[in-house]
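What follows is a short report on a single structure.
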Amino acid sequence: MDARIRGTVEEPRDLSWSRTVPRELVHRASVAEVLLTDVRRVDATRFVAAACWSRSHPTFPVDGHAVHHPLMVVETLRQLGIFIPLRYLGVPVDTRMLITDVFFTTEPGAQPQASHGATQVTCRVRVTGLRTGYDGATAGLRLHAEFLAGGVVFARAGGGARFLSPERYAALRGPLVGTCQPPASAGLLRPDPARLGVPHARDVVIGCADDPGRAGGPGGDGRRHRDPKDVLVDAADPWHPFFFDHATDHVPGMVLLEAARQAAVLASDGTLSRPTGVRLTALRFTEFSPPARIVCVPHHRTCVFRFEQDGECPAFGVLHYQSPLRA
């Protein structure tokens, strides 16, 4: 099926959802993980893009809900933040992109209901804060995007990124550069996947230093048990097709976002499950070892979080929710 939209003065014609863009232009190893199908330039700073969100994606719920995972917004933004610089801004294909911060907000009442096959998403994108290095190459930018389905805006997202040559990245990472296989799990205790709102055990990306089944819930004596002593970033499946599509030498930003969301579920005893917005700021790389600790503080419709590792805070942020009700 060749699905197209006809453009206006501001949008190019013939935006297509028929086939994906080349996987190397969004830094994905698997074609199945490529969401973008078309990107067209409107002017020097504006673009319009098509993305296809499949029901077969690993993040799609299997509990009967027909709404895509909010991480699909962030992953689409990530792919736009790679494709546009590579295709239109002269950034070499082997450049490493480092996310400095990312945010998104969604309109709960406007979320597209996934029907058969896939959801066709239109993205309106604007590039700001374009920075160049001493050699004139693109060194960083900010991206702002609106996401539409059926002509209705259902999400907005944005963030910043830096671009490093392979040589500069290697100098920055030192002996940690070039990890060629996913890290082994730390072997911590796992919360129940259903409690975290994920379909499979492989989708759990946190572990607990004590029994997560006793965390935050009322016991038989009517008293509330203590929270887990430590909630740590510890992916159950280091070969997960979405979180670890390719080898990496640090914890991916998508894993950090999902780990924060899952930790917030535990910290709120399940009352905060599906965020309608998030903001994450990355101060430095989050390493696989030792596993980073996640500290969450729920408060009404928000949950503030931070990651702690080796006495430092590599990343922090806040999750927003429509209401503090159990999903």
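Looking only at distances, no side-chain donor or acceptor of Asp237 sits under 3.5 Å from a matching main-chain atom of Arg202. Asp203 places no side-chain N or O within donor-acceptor distance of the main-chain N or O of Pro193, the cut-off being under 3.5 Å. Looking at Thr37, its side chain does come within 3.5 Å of a backbone N or O of Ser16 through a donor-acceptor pair. Looking at Asp43, its side chain does come within 3.5 Å of a backbone N or O of Thr45 through a donor-acceptor pair. Remark: the backbone N or O of Gln322 is paired with a side-chain donor or acceptor of Arg301 at under 3.5 angstrom. A donor-acceptor pair under 3.5 Å is formed between the side chain of Arg173 and the backbone N or O of Asp249. A side-chain donor-acceptor contact under 3.5 Å links Arg40 to the backbone of Asp14.
Side-chain contact between Leu77 and Phe104 is absent, with no heavy atoms from C-beta onward closer than 4.5 Å. Between Val304 and His299 the shortest side-chain heavy-atom distance does not fall below 4.5 Å. Two residues are said to be in side-chain contact when any heavy atoms from C-beta on lie closer than 4.5 Å; Gln113 and Val67 meet this criterion. Counting heavy atoms from C-beta on, the side chains of Ser165 and Pro92 never come closer than 4.5 Å. Looking at heavy atoms from C-beta onward, Leu130 lies in side-chain contact with Leu89 at the 4.5 angstrom threshold. Taking the side chain as every heavy atom from C-beta outward, Val102 and Arg78 never approach each other to under 4.5 Å. Taking 4.5 Å as the limit, every side-chain heavy atom of Thr95 sits out of range of all side-chain heavy atoms of Thr138. Asp234 places a side-chain heavy atom less than 4.5 Å from the side chain of Arg190.
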| message | Before you tell me yes or no, could you show the steps for Thr128 and His144 under side chain to side chain contact (heavy atoms under 4.5 Å, CB included), namely the whole-Å CA-CA distance, both residues' side-chain angles and the distance that decides it to 0.1 Å? | response | CA-CA 8 Å; Thr128 64; His144 307 266; 3.1 Å; yes
*Start with the C-alpha distance between Thr76 and Val121, add both sets of side-chain angles, then the distance that settles side chain to side chain contact (heavy atoms under 4.5 Å, CB included), and finish with yes or no.*
CA-CA 10 Å; Thr76 304; Val121 177; 5.8 Å; no
Intermediate values then yes/no, side chain to side chain contact (heavy atoms under 4.5 Å, CB included), Glu75 and His69: CA-CA 10 Å; Glu75 175 60 17; His69 196 294; over 6 Å; no
- Before giving the answer on side chain to side chain contact (heavy atoms under 4.5 Å, CB included), spell out for Arg195 and Leu266 the whole-Å C-alpha distance, their side-chain angles and the decisive distance to 0.1 Å. CA-CA 8 Å; Arg195 184 182 181 198; Leu266 290 186; 3.4 Å; yes
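The heavy-atom pair separating Ala282 from Ile99 by the smallest distance is CB-O, 3.7 Å. Shortest non-hydrogen contact noted between Val198 and Gln262 is CG1-NE2, 3.8 Å. Between Ala263 and Ile206, the closest heavy-atom pair is N-CD1, 4.0 Å. Minimum interatomic distance between Val265 and Ser273 (heavy atoms only, all atoms of both residues): CG2-CA, 3.9 Å. Nearest heavy atoms, Val233 versus Val255: CG1-CG1, 4.1 Å. The minimum heavy-atom distance linking Phe307 with Pro314 is given by the pair O-CD, 3.1 Å.
Checked against a 6.0 Å centroid threshold, the rings of Phe47 and Tyr88 count as neighbours.
The OG1 atom of Thr106 sits 7.0 Å away from the CZ atom of Arg274 when rounded to the nearest 0.5 Å. How far CD of Glu33 is from OG of Ser54: 10.0 Å, rounded to the nearest 0.5 Å. Rounding to the nearest 0.5 Å gives a distance of 9.0 Å between CZ of Arg87 and CG of Leu25. If you take CG on Leu272 and NE2 on His300, they are separated by 11.0 Å, rounding to the nearest 0.5 Å. Note that the CG atom of Asp101 and the CG atom of Leu280 stand 8.0 Å from one another [nearest 0.5 Å]. To the nearest 0.5 Å, atoms CD (Glu107) and OG1 (Thr276) are separated by 9.0 Å.
Within the structure, salt bridge (charged side-chain N to carboxylate O under 4.0 Å, His left out) pairs that include any residue of residues 254-265 comprise Glu258-Arg261 (at least two apart or interchain). Applying the side-chain hydrogen bond (donor to acceptor under 3.5 Å, both in side chains) test to pairs two or more places apart or on separate chains, those with a residue in residues 151-163 are Glu146-Arg156.
Hydrophobic clustering, with ILVMFWY side chains joined whenever heavy atoms are under 4.5 angstrom apart, groups Val39 together with Val93. When hydrophobic clusters are built by joining Ile, Leu, Val, Met, Phe, Trp and Tyr residues whose side-chain heavy atoms come closer than 4.5 Å, directly or via intermediates, Val91 is grouped together with Leu141. Note: the hydrophobic cluster containing Leu232 does not contain Leu189 (ILVMFWY, side chain heavy atoms under 4.5 Å, direct or indirect links). Clustering ILVMFWY residues whenever any of their side-chain heavy atoms sit less than 4.5 angstrom apart, transitively, puts Leu196 in the very cluster that holds Met254. No single ILVMFWY cluster, assembled from side-chain heavy atoms under 4.5 Å apart, contains both Val318 and Val74.
For the ring pair (Phe, Tyr, Trp, His ring centres under 6.0 Å) test, no residue two or more places apart in sequence or in another chain qualifies with Phe316. A search for ring pair (Phe, Tyr, Trp, His ring centres under 6.0 Å) contacts involving Phe163 returns nothing, not counting sequence neighbours. Judged as a ring pair (Phe, Tyr, Trp, His ring centres under 6.0 Å), and not counting sequence neighbours, the contacts of Phe243 are His240.
Other residues, nucleotides and ligands contribute over 12 non-hydrogen atoms within 6.0 Å of the CZ atom of Arg284.
Across Phe285, Phe244, Phe288, a single residue satisfies ring pair (Phe, Tyr, Trp, His ring centres under 6.0 Å) together with His250, and that is Phe285. Just one of Leu319, Val205, Leu71 meets the side chain to side chain contact (heavy atoms under 4.5 Å, CB included) condition when paired with Leu257; it is Leu71. Here the rule is side chain to side chain contact (heavy atoms under 4.5 Å, CB included) with Leu80, and of Leu35, Val26, Leu36 only Leu36 fits it.
Aromatic ring pairs are classed by plane angle as parallel below 30°, tilted from 30° to 60° and perpendicular above 60°; the pair Phe154 and Trp53 is perpendicular.
Apart from Val153 itself, the hydrophobic cluster it occupies contains Leu148, where clustering links Ile, Leu, Val, Met, Phe, Trp and Tyr at side-chain heavy-atom distances under 4.5 Å.
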